[in-house]
Protein chains: 2
Amino acid sequence: MTDLNSDIFKTIDPEHRGTTSEEVISQLREMIHRGDLRPGDRLPPERDLAKMLGVSRPTLRAGIRSLAAVGVLQSRQGAGTFVVKSDGPPSLDSSPLRLMASLHGFTPSEMFEARQSLEMAVAGLAAERATSEHLATMSEEIAGMYASLDDPEQFLVHDMRFHQTVAAASGNRILTSLMNMVATILFDVRRKTVKRARDLKESAEMHRQIYRSIRERNPEAASSAMRAHLMLAQKAQESEEAEDGAAATTSDNGSQ
Amino acid sequence: MTDLNSDIFKTIDPEHRGTTSEEVISQLREMIHRGDLRPGDRLPPERDLAKMLGVSRPTLRAGIRSLAAVGVLQSRQGAGTFVVKSDGPPSLDSSPLRLMASLHGFTPSEMFEARQSLEMAVAGLAAERATSEHLATMSEEIAGMYASLDDPEQFLVHDMRFHQTVAAASGNRILTSLMNMVATILFDVRRKTVKRARDLKESAEMHRQIYRSIRERNPEAASSAMRAHLMLAQKAQESEEAEDGAAATTSDNGSQ
DNA sequence: TATTTAAATCGGTCATACCATTTCCGCCAC
DNA sequence: GTGGCGGAAATGGTATGACCGATTTAAATA
């Protein structure tokens, strides 16, 4: 029974004034929205900031921890607490999605499908906007793939960098972040299965087809090539896993 | 209910790789992955749980708060801490994305584009998998739109429910969650501008086109119709916002 | 039996102290 | 003068204990 209640938009009560720690979170978020805190900035020491906000240090720490959990702040013992500064594309923490996958029993194929949809979208956008630098990087990574046909681990590095470049070329950082979020969850599995991959040459060829479509500014072809590539990759991985023996590997180390 | 008094909770190893609170997070996450904690379950009281894990209560609270910040746990004063149980589709917290938008200066058009890509993807999948119930719900919502042509607020409710139904029909909960995440950020803006919307009839018609394409099991047409719908919606909203700083003619103008 | 009330439960907050790590500046040797 | 080196200061991490407020539960009363 799928219920489709319309109240999915949890209005977080801007004027909540509920718990004190929530008030702290609101204060800090407000500082970020107003621009008082910019990426890379360092927050005042907890003891001082607590006094400024008129709360105790544990309460302030609770607020800081909440924002740190979602990847906005980062605390380093002895150094201070900083607003996360991402040099490259902004990254969302994937642990929420990972836990949600456990809680609701997401299947790998469902994740693959989500990744496929996202990658197809960014591939299409990349075909419209890729700069010459992006195209050059893609070409280099493909060359790296051909040079690593006998080294699956190294091949995977170039593979990921290629997809990363395509995402960057799409010019949409939101889609890029979401894509990375999903890709991160699938990464562990990929790394395990890629060691016995046997069709690296074909994979490299498909990447080259994606690259050509992007270079020729053909969004539909790029999307389609990406779809074909990922469908094959999924198929390959599933057949690899079928050979394994169905080990319930619940390796859990994703603290990034 | 699962029995939580057994040896499920092993004490934290003295040799903790990272900080103690991170170890607590790992422990809790592991319980969820293993299925010891399932949606709706209630955690032991903090004082007890802290003793079981061999940490102090503040440290345990830090871990709980981190997981609560990403939407996995929820604490209610006086009641206890619970594993979040979502009746409908699982929902990811959108505040991380919202803060990231502030930190990196995401433009509304970038968000619109992300939403468009996600909605196109789910529309295509919905065309492949929508059940008769889904189709019936979509049809009802469209009827509700036509019945609310003179009530923009009500129209928006049916609008959102329609998109929600399409997402549910896609059968991919990850994409649905990501879509909701992005849509939530855009919601506030939409609610403000929809009050002066003037092209509701055309909007309803485009929804109907999406519905028809899904019913006819034509993924490409569904995606395409969704793209057209959202492009028009974006255009309409941008023109609305452009008028905000200028003349205040909020009359029966019917252009667009 | 139903309603009210009181006690137990439990998360939220505060204050304080101490520990672990990092940073930075002054000191000393070269 | 320069460069390494050590220690003090700064700063986040953890622990203990206490009290408050909200919630739940169950007993007591009408």
Side-chain angles (χ1 to χ4, degrees), chain A residues 12-13 15-29 31 37 40-85 255-256, chain B residues 1-5 9-28 31 37 40-85:
Chain A
I12 315 181
D13 289 341
E15 312 302 324
H16 192 209
R17 302 296 185 261
T19 65
T20 310
S21 60
E22 284 177 2
E23 183 66 18
V24 171
I25 298 176
S26 296
Q27 293 271 352
L28 293 175
R29 284 206 339 212
M31 291 182 197
L37 294 177
D41 280 0
R42 175 177 144 183
L43 273 67
E46 292 183 351
R47 294 165 178 81
D48 300 350
L49 187 54
K51 272 196 166 18
M52 296 180 196
L53 297 179
V55 299
S56 68
R57 196 179 156 215
T59 303
L60 172 67
R61 281 181 58 79
I64 289 177
R65 183 159 277 277
S66 289
L67 292 176
V70 298
V72 176
L73 298 181
Q74 183 179 359
S75 294
R76 276 159 40 206
Q77 186 176 179
T81 301
F82 301 83
V83 180
V84 163
K85 168 171 170 256
S255 61
Q256 48 182 7
Chain B
M1 259 334 143
T2 51
D3 183 355
L4 297 173
N5 291 332
F9 305 94
K10 58 180 179 184
T11 58
I12 303 292
D13 286 338
E15 176 190 355
H16 40 278
R17 304 175 295 278
T19 64
T20 309
S21 59
E22 283 176 4
E23 190 65 20
V24 171
I25 297 176
S26 295
Q27 291 278 342
L28 292 175
M31 293 179 203
L37 294 176
D41 278 2
R42 176 178 144 181
L43 273 64
E46 292 183 351
R47 293 166 178 83
D48 299 350
L49 186 53
K51 271 196 169 21
M52 297 180 196
L53 295 178
V55 300
S56 68
R57 196 176 155 219
T59 302
L60 172 67
R61 279 180 60 78
I64 288 178
R65 183 159 276 276
S66 289
L67 293 176
V70 297
V72 177
L73 298 180
Q74 182 178 1
S75 294
R76 277 161 38 208
Q77 185 176 179
T81 301
F82 302 83
V83 179
V84 163
K85 177 186 173 202

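Scope of the values below: all heavy atoms of this structure, side chains included, with no hydrogens, waters or symmetry mates. Sequence lines set the chain letters: A, B, ... in the order given, protein chains first and strands last, and positions in each chain run from 1.
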Enquirer: Over how many whole Å does the gap from A/L73 atom CG to D/dG13 atom P extend?
Expert: 11 Å

Enquirer: Which distance, rounded to the nearest 0.5 Å, do you find between the OG1 of A/T59 and the CD1 of A/I25?
Expert: 11.0 Å

Enquirer: Could you give the CD-to-P distance, from A/Q77 to D/dT14, as a whole number of Å?
Expert: 8 Å

Enquirer: How many Å lie between CD on B/E22 and P on D/dG12, as a whole number?
Expert: 16 Å

Enquirer: Looking for any heavy atom pair under 4.0 Å, which part of the strands does B/P58 touch: base, sugar-phosphate only, or nothing?
Expert: base

Enquirer: Starting at the 5' end of DNA chain C, which residue's closest nucleotide do you reach first, A/G78 or A/T20?
Expert: A/T20

Enquirer: Students should find this one: the first and last nucleotides of DNA chain C, 5' to 3', lying under 4.0 Å from a heavy atom of chain B. What are they?
Expert: C/dT9 to C/dT13

Enquirer: Could you tell me the separation between the NZ atom of B/K51 and the C1' atom of D/dT16, rounded to a whole number of Å?
Expert: 10 Å

Enquirer: To the nearest Å, give me how far apart CD1 (A/I64) and P (D/dT14) are.
Expert: 14 Å

Enquirer: Nearest 0.5 Å, please: how far is CG in B/L37 from CG in B/L73?
Expert: 8.0 Å

Enquirer: Any idea which of D/dT24, D/dG12, D/dA18 is nearest the A/S75 side chain?
Expert: D/dG12

Enquirer: Return the value, rounded to whole Å, for the distance between atom CG of A/D48 and atom P of D/dA10.
Expert: 10 Å

Enquirer: Could you check how far CZ of B/R47 sits from C1' of D/dC19, rounded to whole Å?
Expert: 10 Å

Enquirer: Just compare D/dT23, D/dA18, D/dT14 and give me whichever is closest to any side-chain atom of B/S56.
Expert: D/dT14

Enquirer: Working to the nearest 0.5 Å, report the span between CZ of A/R61 and CZ of B/R61.
Expert: 12.5 Å

Enquirer: For D/dT11, take OP1 and OP2 only and decide whether either is under 4.0 Å from a side-chain N or O of A/T81.
Expert: no

Enquirer: What distance do B/S26 atom OG and B/M31 atom CE have between them, rounded to the nearest 0.5 Å?
Expert: 10.5 Å

Enquirer: Taking CD1 from B/I25 and P from D/dT14, how many angstroms apart are they, rounded to a whole number?
Expert: 10 Å

Enquirer: Measure the spacing between CD1 of A/I64 and CZ of A/R57 and express it to the nearest 0.5 Å.
Expert: 9.0 Å

Enquirer: Minimum heavy-atom separation for A/R65 and B/A62, please, with both atom names.
Expert: CD-O, 3.0 Å

Enquirer: Do the side-chain N or O atoms of A/R61 get closer than 4.0 angstrom to the phosphate oxygens (OP1, OP2) of D/dG13?
Expert: yes

Enquirer: Taking only N and O in the side chain of A/R76, is any of them less than 4.0 Å away from OP1 or OP2 of D/dG13?
Expert: no

Enquirer: Using 0.5 Å steps for rounding, measure from the OG atom of B/S75 to the CD atom of B/E46.
Expert: 6.5 Å

Enquirer: Assuming nearest nucleotide by heavy-atom distance, tell me which of B/A62 and B/R57 is located more 5' along DNA chain D.
Expert: B/A62

